[in-house]
Amino acid sequence: MRQIVISDLHLGSKNSRVKDILSILELPADIFILNGDIVDSVNFKRFRELDWNVLDKIRQLASSDRAILVQGNHDTHLCSATGIPVVPQVVIFLDACKWIVVHGDFFDPTLNWPVVADIADWCYQTAQRIHKKSARLAKLMFKKHGGVIEAVQRGAIEFAKLHKCRGVITGHTHFADDIWSGGIRYLNCGSWTESPSHYVDITDHDILLKQW
């Protein structure tokens, strides 16, 4: 069996790499796990034709039990708006070892400071219109020095230990990562709003972080 995990599609955002998302959803996989922040918001007025094409593809996959949607902090009301079921997390097994797939937003302490998060998001969106590469670097610096990347990593690893898992796969930070810590393997599959994007490719005997 082959499973592919992608995170942070942010459909409806101008930065969402919708053509590439459509391409990866055509890969020969048994199950696609969409690990949170599938949409940027449920304000579908922001959707372009390609955003709708991706959502239709996800509906197709979900209806044939080939897609599982994990709840992200941007996905509020996604299930009621689209009719596609959303779950809080997914448990998978590899060589009899338990793994957990979770978006990771509840490990992010800055989400308890909505004003700061809103200001950071506004700055990012404004910078994107001026210079995309600079905006990406600024966002990464904010998350790194604001402690988001480290907090999500640390929280996810502790969460995996608590649930007696071999590893954990997250998203949320938009920062792809693959490390071992305290006997736990932590992977973050990055996002599809910046290039290059990443995904986690799971086969019967291996888990790999790959670049698109």
Side-chain angles (χ1 to χ4, degrees), residues 1-11 16-18 20-39 54-55 57-72 75 78 84-107 149 152-212:
M1 175 180 278
R2 185 188 188 191
Q3 301 177 75
I4 288 176
V5 186
I6 57 176
S7 178
D8 296 85
L9 282 60
H10 288 278
L11 298 177
S16 181
R17 301 179 63 195
V18 282
D20 293 301
I21 294 167
L22 273 174
S23 295
I24 197 168
L25 292 177
E26 294 292 345
L27 289 180
D30 298 282
I31 295 175
F32 292 90
I33 301 174
L34 309 182
N35 193 16
D37 287 359
I38 293 101
V39 297
V54 173
L55 194 60
K57 180 64 177 178
I58 292 170
R59 278 199 184 99
Q60 270 181 15
L61 291 167
S63 66
S64 59
D65 296 323
R66 291 185 58 221
I68 302 171
L69 278 64
V70 177
Q71 177 86 40
D75 298 319
L78 179 63
I84 308 172
V86 179
V87 299
Q89 60 201 38
V90 175
V91 173
I92 59 176
F93 289 89
L94 179 69
D95 288 339
C97 294
K98 182 179 173 184
W99 286 67
I100 196 158
V101 182
V102 62
H103 181 62
D105 52 305
F106 51 86
F107 307 125
I149 292 171
V152 171
Q153 183 187 103
R154 183 174 60 247
I157 289 168
E158 289 303 316
F159 188 72
K161 286 180 181 177
L162 181 66
H163 289 83
K164 296 179 169 52
C165 296
R166 176 69 163 179
V168 57
I169 302 171
T170 69
H172 185 62
T173 66
H174 292 209
F175 182 74
D177 210 354
D178 182 0
I179 66 163
W180 283 89
S181 178
I184 302 291
R185 188 175 174 191
Y186 167 85
L187 292 104
N188 190 303
C189 42
S191 82
W192 288 77
T193 58
E194 291 102 10
S195 179
S197 298
H198 294 78
Y199 64 101
V200 174
D201 199 341
I202 305 169
T203 59
D204 288 335
H205 301 291
D206 206 0
I207 295 184
L208 297 172
L209 179 67
K210 294 183 177 180
Q211 182 173 293
W212 188 273

* Would you confirm whether the ring centroid of H174 sits within less than 6.0 angstrom of the ring centroid of H198? => no

* Asked: Does CZ belonging to R166 count more than 12 external heavy atoms closer than 6.0 Å?
  -> no

* To do: Hey, could you give me each pair passing salt bridge (Lys or Arg N to Asp or Glu O under 4.0 Å) that has a residue in residues 89-104? Not counting sequence neighbours.
  => none

* Asked: Is there a side-chain contact between L209 and D201, using heavy atoms and a 4.5 Å cut-off?
  -> no

* Excluding sequence neighbours, so at least two apart, what forms side-chain contact (heavy atoms from CB on, under 4.5 Å) with D65? -> none

* Return the minimal non-hydrogen interatomic distance between A160 and I184, and the atom names on each side. => CB-CG2, 3.8 Å

* To do: From the options T193, V39, V18, select the one residue that forms a side chain to side chain contact (heavy atoms under 4.5 Å, CB included) with H10.
  => T193

* To do: Examine the side chains of W192 and D20 and answer whether a donor and an acceptor come within less than 3.5 Å of each other.
  => no

* **Residues R2, D30; criterion salt bridge (Lys or Arg N to Asp or Glu O under 4.0 Å); working and verdict** => CA-CA 5 Å; R2 185 188 188 191; D30 298 282; over 6 Å; no

* **Test item: side-chain donor near acceptor, D105 and H172, under 3.5 Å** => no

* Which distance, rounded to the nearest 0.5 Å, do you find between the CG of L11 and the CD1 of I21? -> 5.5 Å

* Apply side-chain contact (heavy atoms from CB on, under 4.5 Å) to D177 and list each qualifying residue two or more places apart in sequence or on a separate chain. => Q153, F175, I179, Y186, N188

* To do: Assess whether salt bridge (Lys or Arg N to Asp or Glu O under 4.0 Å) is satisfied between R17 and E194, documenting all intermediate values.
  => CA-CA 8 Å; R17 301 179 63 195; E194 291 102 10; over 6 Å; no

